[in-house]
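In what follows, chains carry the letters A, B, and so on, assigned in the order in which the sequence lines appear, proteins first and then strands, with residues in each chain numbered from 1.
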Amino acid sequence: MFSTLDFSVIPLALPAIFKGLAFSLELTLIAMIGGVILGTLLALARLSGGKWLGRAAKFYVDIMRSIPLLMMILWFFFLIPLLTGQPIGQEKSAIITFTLFQAAFYSEIMRAGIQSIPRGQVNAALAIGMTYWQSMGHVILPQAFRNMVPVLLTQTFVLFQDTSLVYAIGATDLLKAAENAGMLYGRTVEMYLFVSLIYFAICFALSMLVKYMNKRIAIIR
Amino acid sequence: MIQIQNVSKWYGQFQVLTDCTTSIAKGEVVVVCGPSGSGKSTLIKCVNGLEPVQQGKIIVDGIQVNDPATNLPKLRSHVGMVFQHFELFPHMSIIQNLAIGQVKVLGRSQDEANERGMKLLDRVGIKSHANKFPGELSGGQQQRVAIARALSMDPICMLFDEPTSALDPEMISEVLDVMVDLAHEGMTMMVVTHEMGFARKVAHRVVFMDQGKIVEDASKDEFFGQPRSDRAQQFLSKILNH
């Protein structure tokens, strides 16, 4: 069956595909960084002991986790212009949606990470005169991050693969670019195969990075 | 230096401390002992406000610890504390462990903090391990680093919460030696411990607790000579006679 395939179209499609890939990576990177920061704040809010702050954070996380990402992408894209009166564009909309959505998942990971640090560490930090925020910033969060790096990066794999969902609002990511090229040259199957290979190569490289990071930053116990 | 006045504390319905009163003068070494669950660790954690109290007053260096208006971080920065499980920061090297408080809390420069840190490491005999991580050191070494970390803040008094309870027997003496030196230098110390040898050697007073109450508060000689309470006599006979 492979005799009917023609991969000679790939070089022709490369520029468009790279552009798509660049957007997928940009989306992943921004949503990861923004999501981890926002997620950490959500986790701190949930652990703060403040009744309403904690509840608000939990409500946010519960909502985000119970609605499919595809729905979020569509809702955000169509609802925000209705509320604000002006369109925000596919790419910006996708970036904001992904950041907000990922924050919910990262926050649960960070919460587990923070809770995995023994209470005695907080006491030790407070005992040398650190404030609550200093003890978080210098003692608890750095350890929580290190402990959670494998899980945070696993979540990032999922994020990277999920960026393909932005096709729903017409943003051109890696998958969409390949699809367009496939249509243009009448070689859809080849393009899907090629793009799968790219997804695999990137995820495989990432998993190597995870292994390396684990060795480098793991806490000696 | 430290005054504990009629302190009571509850965990929910359960009363852990009942009307505890004692005090520690400047330069005094007071050993707090008693059976497990007697509230001695809880009491010492109340002294620097790591645990809240519901009744009574705790005053350290003239400042009331359990007053909501007290700047606790500032007060704690000059009350050194050593924990049962060392609680070094595992993601920092030994010298970083000693420098972090000096830099972030006292506002010293990194160089100044490192220099002071190295001096203290030398003093507790860990200088050669300055760039290692806590996980690479033995328990006894880690606890000596923890003492050095507390000293790096130039404390006006030191609190020890069962500093040798988590150590293998052969490591206990290296930690006690450091503490004995400290006591001889005139440091004000409150020490929760079962090490009666240490108490005999350097303590001025011994406080005996049972079921959240201070049952006995006597000078060392009185305590080891003839404790007044039956409970303290029983306790002593159990831990001294084997």
Side-chain angles (χ1 to χ4, degrees), chain A residues 36-37 40 43-44 47-51 54 106 109-153 209-221, chain B residues 41 44-51 71-94 96-107 113 132-137 142-143 145-146 148-155 158-162 166:
Chain A
V36 168
I37 294 172
T40 303
L44 288 175
L47 296 171
S48 67
K51 209 171 170 188
Y106 286 127
I109 297 171
M110 283 312 295
R111 193 163 69 103
I114 293 167
Q115 284 178 322
S116 73
I117 309 301
R119 173 80 206 161
Q121 286 283 304
V122 183
N123 279 346
L126 294 178
I128 55 173
M130 285 191 188
T131 61
Y132 173 79
W133 288 108
Q134 282 178 321
S135 72
M136 274 294 157
H138 299 302
V139 176
I140 305 305
L141 287 181
Q143 292 185 58
F145 269 118
R146 281 174 170 79
N147 290 350
M148 288 295 132
V149 156
V151 197
L152 286 170
L153 285 172
L209 181 73
V210 174
K211 260 193 195 152
Y212 171 75
M213 295 263 284
N214 259 340
K215 268 200 203 124
R216 244 187 80 89
I217 68 167
I219 294 168
I220 304 161
R221 297 204 185 268
Chain B
S41 276
I44 202 169
K45 285 198 183 88
C46 293
V47 172
N48 65 352
L50 288 179
E51 290 278 353
N71 182 347
L72 272 182
K74 192 172 173 219
L75 180 70
R76 287 175 184 143
S77 70
H78 49 249
V79 176
M81 184 151 195
V82 176
F83 299 86
Q84 182 177 0
H85 296 288
F86 332 133
E87 305 299 353
L88 296 178
F89 305 133
H91 58 301
M92 298 177 192
S93 69
I94 298 304
Q96 284 173 323
N97 263 279
L98 268 79
I100 181 103
Q102 299 183 63
V103 172
K104 301 295 175 188
V105 177
L106 300 181
K132 288 189 180 168
F133 283 81
E136 297 172 284
L137 267 53
Q142 288 192 51
Q143 193 62 300
V145 173
R149 179 176 66 182
L151 291 175
S152 75
M153 305 294 288
D154 296 325
M158 289 279 286
L159 309 172
F160 292 86
D161 182 11
E162 305 207 30

Option that, when pairs with chain A are counted at under 4.5 Å, heavy atom only, ranks first among Gly80(B), Ser77(B), Pro73(B): Pro73(B)
Tell me, for Leu88(B) versus chain A, whether the close heavy atoms (under 4.5 Å) come from the side chain, the backbone, both or neither. backbone
If I take atom OG1 from residue Thr131(A) and atom NZ from residue Lys74(B), how far apart are they, to the nearest 0.5 angstrom? 15.0 Å
Positive for side-chain contact (heavy atoms from CB on, under 4.5 Å) with Asn123(A), one of Met81(B), Lys45(B), Glu87(B): Lys45(B)
List, one per line, each side-chain donor-acceptor pair under 3.5 Å for residues 97-105 of chain B, sequence neighbours excluded.
unit_1: Asn97(B); atom_1: OD1; unit_2: Phe89(B); atom_2: N; d: 2.7
unit_1: Asn97(B); atom_1: OD1; unit_2: Arg149(B); atom_2: NH1; d: 3.4
unit_1: Asn97(B); atom_1: ND2; unit_2: Phe89(B); atom_2: O; d: 3.1
unit_1: Asn97(B); atom_1: ND2; unit_2: Met92(B); atom_2: O; d: 3.1
unit_1: Asn97(B); atom_1: ND2; unit_2: Ser93(B); atom_2: O; d: 3.1
unit_1: Gln102(B); atom_1: OE1; unit_2: Arg108(B); atom_2: NH1; d: 2.7
unit_1: Gln102(B); atom_1: NE2; unit_2: Leu98(B); atom_2: O; d: 2.9
unit_1: Gln102(B); atom_1: NE2; unit_2: Ala113(B); atom_2: O; d: 3.2

Under 4.5 Å from any heavy atom of chain B - which part of Gln121(A): both
